[in-house]
Amino acid sequence: MDEQQLLEGAKAVLEANDHGNFTVPASGIYPHQWLWDSCFIAIGLRHTDIDRAQKEILSLLRGQWANGMLPNMILGTGRQGRWPNIWRSWINPNSPDGVNTSGITQPPMLAEAIVQIGGKLSKAERHSWYKKTFPALLKYHEWLFNERDPHGEGLVLQIHPWEVGMDNTPTWMAEIKEHSQPLWITAIDKLHLGPLLNIFRRDTHHIPAGQRLDIIDALVLYSTLRRLRRKRYDFDKIIDHSMFAIEDLAFNCIFIRANQHLEDIARFIHKPLADDLKDRIKKSQLALEELWDPMAEQYFSRNFVTHKLINQSTVATLLPLYAGVGHKGRAKALVKLLEDKHLFGPEYPVPSVPLNSAWYKPTGYWQGSTWVNMNWLLIDGLRRSGFADHADVLSESTLEMVAQSGFNEYFDPSTGKPAGAKNFSWTAALIIDMIKAA
């Protein structure tokens with residue numbers, strides 16, 4: 001593997017997808033700015049252009065709502081970005097003036113990106129950078145606790161699978177299809193009309209249909225969005241009549257780590273956090289252990305209404321390593337899952353669902369394929385959890401996979417073959433980070 005050649009290739013991908021103030025995930029298919037995409041992208045850019053990395057993050061903040069929410073999408077202004085606008089964010093009075101956004105959020109990777117950028121700055125520059133970004137970051141975390149943890153139990157809930165970034169992950173699709181699949185979608189499915197509707201999809205013009213969401217899944221996600229839009233993205237109205245809401249394991253693991261970063265940033269710039277916020281941060285760390293299933297020896301997401309664990313094993317099962325699970329025995333149990341070649345340890349890096357899952361499809365979107373961003377989170381978590389050797393092995397195999405197959409959106413975990421969009425920005429950015437961190 002020629003690391004210098006890999007590094008130059010990654011830089012070229014980011015340059016090609018650069019839209020000035022932000023980077024699109026991939027040209028053509030993804031014309032907007034996405035929240036966690038830009039955070040991962042900034043983590044890579046900090047090694048090659050620190051000013052551009054900062055600009056990537058500041059571009060996200062222009063979309064922040066008055067209530068503190070950071071939307072998962074800031075819509076582009078070109079032809080692709082303007083039409084069709086399915087979100088209509090302006091129907092909610094909290095949405096920003098002059099900026100079209102989505103009406104939901106995404107995994108809170110912002111604090112991680114801010115700290116990673118800060119690590120490349122001098123002490124004085126870091127202080128200035130943290131002071132500039134801290135108000136928006138604090139407001140976002142306060143919004144998550146205040147709105148998405150309505151009972152003060154420590155875990156934040158999500159209202160759409162797009163909020164967790166893993167659009168059709170089995171955890172969510174199983175719940176949605178059980179509780180809230182509309183009759184009209186069921187009819188389309190039973191009448192086998194899905195292939196006809198694929199004609200109208202833009203994504204399958206770029207990528208084979210077998211590597212994208214199934215049309216029925218896509219319709220279900222769109223129908224769920226329309227319900228949120230009808231309620232004007234008003235959380236109180238949504239949660240009062242919601243047929244499902246999930247305390248997603250991956251989202252909460254990322255939030256727990258983000259809160260650790262928030263505390264570090266506040267300490268560095270001498271901005272004391274409110275006692276209530278500090279109490280909720282501590283409670284959040286403890287509440288993660290409520291998602292442990294002792295019989296399965298795994299962590300799972302939880303139904304917010306029933307408080308029942310959703311026993312669908314996905315890559316999220318391993319993310320307590322990233323959150324910093326305090327129970328050493330449970331951390332070892334997760335590493336054991338990583339080592340099992342029949343579960344999360346195939347020939348290539350960790351898949352989005354284990355190989356023995358009924359949902360497993362090697363090039364299925366978030367239902368089997370390998371994603372570099374999830375492996376980056378695991379590598380970071382493994383290092384901080386005392387499993388440096390495992391982190392090194394996973395990092396090396398990820399680099400080799402991308403060197404072999406290119407900077408794709410995702411990969412087949414059994415063969416390493418590329419799938420999804422080509423020249424994908426966060427793949428390129430995180431490869432830069434892995435090379436530079438080695």
note = d(T105 OG1, E147 CD) to nearest 0.5 Å is 10.0 Å
Chi angles and distances behind the side-chain contact (heavy atoms from CB on, under 4.5 Å) call for M69, Q64 = CA-CA 6 Å; M69 185 187 81; Q64 187 165 37; over 6 Å; no
inquiry  = Check for me whether the distance between the ring centres of W34 and H32 falls short of 6.0 Å.
reply    = yes
request  = Evaluate the ring pair (Phe, Tyr, Trp, His ring centres under 6.0 Å) criterion for residues F134 and H141: first the C-alpha distance (whole Å), next the side-chain angles of each, then the deciding distance (0.1 Å), finally the verdict.
outcome  = CA-CA 10 Å; F134 180 74; H141 283 230; 9.5 Å; no
query = Can you tell which of D167, T224, D248 makes a side chain to side chain donor-acceptor pair (under 3.5 Å) with W172?
reply = D248
query = Is the ring centre of Y365 less than 6.0 Å from the ring centre of Y410?
reply = yes
query = Just by distance, with hydrogens left out, do S414 and E347 show a side-chain donor and acceptor under 3.5 Å apart?
reply = no
ask   = For residues N375 and T398, is any side-chain donor paired with an opposing acceptor at under 3.5 Å?
value = no
request  = Not counting sequence neighbours, which residues clear ring pair (Phe, Tyr, Trp, His ring centres under 6.0 Å) with F40? List them please.
outcome  = W36, W426
task = Answer with yes or no whether the side chains of Y348 and E400 bring together a donor and an acceptor at under 3.5 Å.
result = no
Verdict with reasoning, R232 to W90, per side-chain contact (heavy atoms from CB on, under 4.5 Å) = CA-CA 9 Å; R232 301 176 183 268; W90 57 82; over 6 Å; no
query = Aromatic ring centroids of F145 and F255 under 6.0 Å?
reply = yes
query = Hey, what do you get for CG (L321) to CZ (R330), rounding to the nearest 0.5 Å?
reply = 13.0 Å
inquiry  = To the nearest 0.5 Å, what is the distance between NZ on K231 and CG on N92?
reply    = 14.0 Å
query = Do the ring centers of W371 and W366 come within less than 6.0 Å of each other?
reply = yes
